[in-house]
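Report on the following structure.
The chains referred to below are lettered A, B, ... by the order of the sequence lines, with proteins before strands, and numbering in each begins at 1.
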Protein chains: 4
Amino acid sequence: MRVGVLTGGGDCPGLNAVIRGVVRKGVQEYGYDFVGFRDGWRGPMEGDTVRLDIPAVRGILPRGGTILGSSRTNPLKQEGGIRRIKDNLAKLEVEALVAIGGEDTLGVAARLSDEYGVPCVGVPKTIDNDLSATDYTFGFDTAVGIATEAIDRLHTTAESHMRVLVCEVMGRHAGWIALHSGLAGGANVILIPEQRFDPDQVCAWITSRFKASYAPIVVVAEGAMPKDGEMVLKDASRDSFGHVRLSGIGEWLAKEIERRTGKEARTTVLGHIQRGGTPSAFDRWLATRFGLHAVDCVRDRDFGKMVALRGTDVVRVPIAEATARLKTVDPALYQEAGVFFG
Amino acid sequence: MRVGVLTGGGDCPGLNAVIRGVVRKGVQEYGYDFVGFRDGWRGPMEGDTVRLDIPAVRGILPRGGTILGSSRTNPLKQEGGIRRIKDNLAKLEVEALVAIGGEDTLGVAARLSDEYGVPCVGVPKTIDNDLSATDYTFGFDTAVGIATEAIDRLHTTAESHMRVLVCEVMGRHAGWIALHSGLAGGANVILIPEQRFDPDQVCAWITSRFKASYAPIVVVAEGAMPKDGEMVLKDASRDSFGHVRLSGIGEWLAKEIERRTGKEARTTVLGHIQRGGTPSAFDRWLATRFGLHAVDCVRDRDFGKMVALRGTDVVRVPIAEATARLKTVDPALYQEAGVFFG
Amino acid sequence: MRVGVLTGGGDCPGLNAVIRGVVRKGVQEYGYDFVGFRDGWRGPMEGDTVRLDIPAVRGILPRGGTILGSSRTNPLKQEGGIRRIKDNLAKLEVEALVAIGGEDTLGVAARLSDEYGVPCVGVPKTIDNDLSATDYTFGFDTAVGIATEAIDRLHTTAESHMRVLVCEVMGRHAGWIALHSGLAGGANVILIPEQRFDPDQVCAWITSRFKASYAPIVVVAEGAMPKDGEMVLKDASRDSFGHVRLSGIGEWLAKEIERRTGKEARTTVLGHIQRGGTPSAFDRWLATRFGLHAVDCVRDRDFGKMVALRGTDVVRVPIAEATARLKTVDPALYQEAGVFFG
Amino acid sequence: MRVGVLTGGGDCPGLNAVIRGVVRKGVQEYGYDFVGFRDGWRGPMEGDTVRLDIPAVRGILPRGGTILGSSRTNPLKQEGGIRRIKDNLAKLEVEALVAIGGEDTLGVAARLSDEYGVPCVGVPKTIDNDLSATDYTFGFDTAVGIATEAIDRLHTTAESHMRVLVCEVMGRHAGWIALHSGLAGGANVILIPEQRFDPDQVCAWITSRFKASYAPIVVVAEGAMPKDGEMVLKDASRDSFGHVRLSGIGEWLAKEIERRTGKEARTTVLGHIQRGGTPSAFDRWLATRFGLHAVDCVRDRDFGKMVALRGTDVVRVPIAEATARLKTVDPALYQEAGVFFG
């Protein structure tokens, strides 16, 4: 049996660990051979493949990125995309596909499997941890670790100068990275996309922190927004680079804090370093197990399913169901963290 | 209300994060005041206390160790131990105790709570992750991370000299650290206490790895034992330092591998660096949440309970039940890892 | 003898290690007692002091920031500033000052020592490594290490998406951090303030890198400028936040690269994480030795001098001379790195 | 022109960075082509080569170990060894050799160059930093960094249990790693091979540390020896594994400390993790520059020379001279560190 593997969407530490897990078990235990497709769905659409055997996956476990490359190509949005995939799979004698990716990549896999008879197994990937049906996705722990280490460093520079330091982390729609790294880093304010924040409240926490003779650290998700959103948009449009969502909120907040409290404030935008580099031990373990279980789904011909973590178990869930709903931060969980604000 | 806090047993990254969580929430939300007891159960037995308020817990989140000190003192094993605790608590007007510790420390807390009417709440702590009733204990992720980083380093030195490198990690009765760090570090053999290993099989894996032109890494839990255990004991007794369990198996195994395969083998014993230093982001998050939930137990007067992680939720379980059974590595899980051996 | 200690200017990993070295040796070997002045020159001007003895310096070696606080207060620019310092030193019976800081802080120390009879010893501090007379300053190695680790991470995300990643590092007037981290991180282009760069050349390197099927990393010092500087200034003025020098060049460059090459480009601005957190082993060693030697200068009454590293030796040089000239990157050294461009 | 490259002796972080520097500059600037010899001097003796061009050195900068492999083969000790090297070089049309290695490897290169007319250039490599003629060798900074991080971790476990923790680091003949990591890690006792230590004095320091309510960390080089060496030898011979020099002194010392002070003591032997894994930024920079300058020596036909670091400059020195004398720790430098003992 020949099995195709592809990785789609933004990169994420752990992708290579999944690929290695799939190939090691598939070859050694089930005698499959594998075809790597290059750059997500572009690969099967264009028949662009790469050799994928035991030697190809040696040494890739600790490496970030993906040896298969990635893209955001969506075959459902291209005329004849599906047919080209089916034709190429037939030509290459590929009987099943393991698709590793986020909402978009898995959405395609679900429809291919359910509607077009292309047997797919999904492995969830989102550094933002915002996929329901799984407790965690790999890459998230690495990102939280990098952000926490950065926050640790910002504390000392904040203390030395008694300044506010704003740290902008990833998270457009869900505040998981902000919440976890903020808690782990001992932040004094954590702002997430799920709840509009009140700049006055933020400044009150900051002032209270200074009163205790400590300098405040504010962790803000890139997608967080103040209650008076109009004003932000107005300000954002004055940015000459047009990167409103990417680099806007941290800078905006620092400026607002300076204006309102009279204290110096500085911003650090962590950006891409959160998603590159070697995966944490947790992510290597999770990604490896996802890989092993995904190839078991293939063996069981259990298609249209996605592997997921529940507690310490890896389970299978229908892809379509799993990608239906964004997993956002529960208000109770956010409130729990509030005891450390100020 | 006045609440006592103590930490018992071996140290573990995250202890300070628990203490901080307990105190921050207890003071700010419930208006409690706190008394720190020094060195585990020795503190309440001897009335040895330390100030424990908001300033005392500032800045301790990222620090390893415990600001309260630790010991293995067991009041149940000392004549009049319980009475002295009750007297001291009464004298200090302490109405509840939060006990942070492993099987022994929590076992005392359970009996104090259930049999002697001393209201206790438990927070589980074992770097070995071998406590049932909780998915993970804090400290474990840090230990796995340190071991994984060490294994990463050993790979390059193994490859350069085409040697076997044996890495002995913690785990006397359970192989969790060996299994997780071995998987995450790409080890070629993982040996755990739960399953006696066959030295011939180990050597077969090693030889197979060399045949693929790679150098093998063997991760062995300190409590792992070969099938022919008699011989080990005989050898171990020849160690002049008497540290059989601590430093024996790794060295023994390297020697056996050299003797049987003719390949050079070296051992690294990670030892105490696995349990010291700053906690990982995951452990800080978990320990902080355990602290917050433990003080909620106090507020609810829900004594005799221990906090535990289930999936992403923190729940409460009876201490007595939780400490009844050691959580060892499931044979199926160990077998899953076997695809990477050799 | 009573000795004052102060830290001025931007913070820098290693400041606490210097303070500890000064105090440990001063107390134990020479029997001095110490007075800490708070927030740089503000401390002696306002008589704002902090206890500085052996217990005060315990445990501070691995910590970033400065336990004395810092500021940019300049007594030479304030009416009666010098007299207030002399009065306060007399009142506190402080007979010598150890001033730890950069060009500005040491410039004040030089004039106080040489012109006003206030006996000062200097310890050089600049994270940018741009002080002549010393091979290295502490903090630099830490900053280079953090930037290198970030570049390592950016490589994998660049490769996975075949994007250009621009990493903006510290260095307004000197490109040492960019040069060292760029070399250590395997950057494909390194841009420094000492040499105006040609955007066409940068794009040629980028294109050549893509042709070899690799994704390029560009490391740019915050003070680097293109040859056609007018245009930059024009663009910079469109930034609504006014942080031209701080966050401008990286973003500008990414935009230019996208416009000229048609390739996607992303920017990461490392910012304050480069100067916070625990010092590297090298910086702890250097800072500690600077502290030990500075207090030897006091004992020898060798005032107006600054400690400096030459090879592996710590030597003494006149402060005034040492701060006279900025140490910039030698064109030959920059050219040496050029073999890795493209 | 065709140039051979080989790496000999124990592995060391930075070897790959040297190889990459040599090849990148040799190919791009001088148009050389390269032949990699496998496993040190075994390669040219047996004509065992590996392809070494630009693609072969891509991505190896951050990797530990050596892509060429290493061995301790010495052609001077084998009948006809030299002639076989000359024959193989002639057959392969290799006109010059770059030998990267320690005292032994370079000693062979010196004699080959000076006495046998085989044109060699040397690049010094010793993780122990014990080569005179160069301020530092690459690999040393990485080893010191790893040891320092380990010591940081040991502090917290020492404090929590008020135990002595002994950390044994590399250094058979020179105490550089012990001295630098001990200073950087805030050790309370540092023991080096250059000065026999007095166990009574060590115990006095330990007792004094406990009196200040802190737990002591002892850093000991593997080659350190007590004054009453006879006794050690006697004890060492009781070790059943025969690894006297490798793992003996740390364990012996802990036992002695326990016996003499009555305090609990534990040992950690860092071992091979000190020499594996990714090089520090400093070592990558140094190794890269060594590579660039070594190939310049070839271009200048300046054979029999070795590159060396002096301050921030890379210079050339005769190999024979450079390897004549071991660089040990200067007694004055060791004494300087003594202020932190106890």
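- For B:L68, no part sits under 4.5 Å from any heavy atom of chain D, backbone or side chain.
- D:A178 is linked by a side-chain contact (heavy atoms from CB on, under 4.5 Å) to D:V169, D:I190, D:I192, D:V219, D:A221, counting only residues two or more places apart in sequence or in another chain.
- Evaluation of the side-chain contact (heavy atoms from CB on, under 4.5 Å) rule for B:R209 yields A:R58, B:E159, B:N188, B:Y214, B:P216 as partners, not counting sequence neighbours.
- Only the side chain of D:I146 comes within less than 4.5 Å of a heavy atom in chain B; its backbone stays farther off.
- Contact record, B:G65 with D:S160: CA-OG, 2.9 Å, taken as the closest heavy-atom pair.
- For a residue to count as touching a neighbouring chain, one of its non-hydrogen atoms must lie under 4.5 Å from one of that chain's; by this rule D:T268 touches chain B with the side chain only.
- Only the side chain of D:E149 comes within contact range of chain B, with heavy atoms under 4.5 Å apart.
- Neither the backbone nor the side chain of D:I151 comes within contact range of chain B, judged by heavy atoms closer than 4.5 Å.
- The NE2 atom of B:H161 sits 6.5 Å away from atom CZ of D:R72, with the distance rounded to the nearest 0.5 Å.
- Comparing D:I273, D:T157, D:D11 by heavy-atom pairs within less than 4.5 Å of chain B, the highest count is held by D:D11.
- Residues B:T278 and D:R153 approach most closely at O-NH1, 3.5 Å, considering heavy atoms.
- For D:R38, no part lies near chain B; criterion is any non-hydrogen pair under 4.5 Å.
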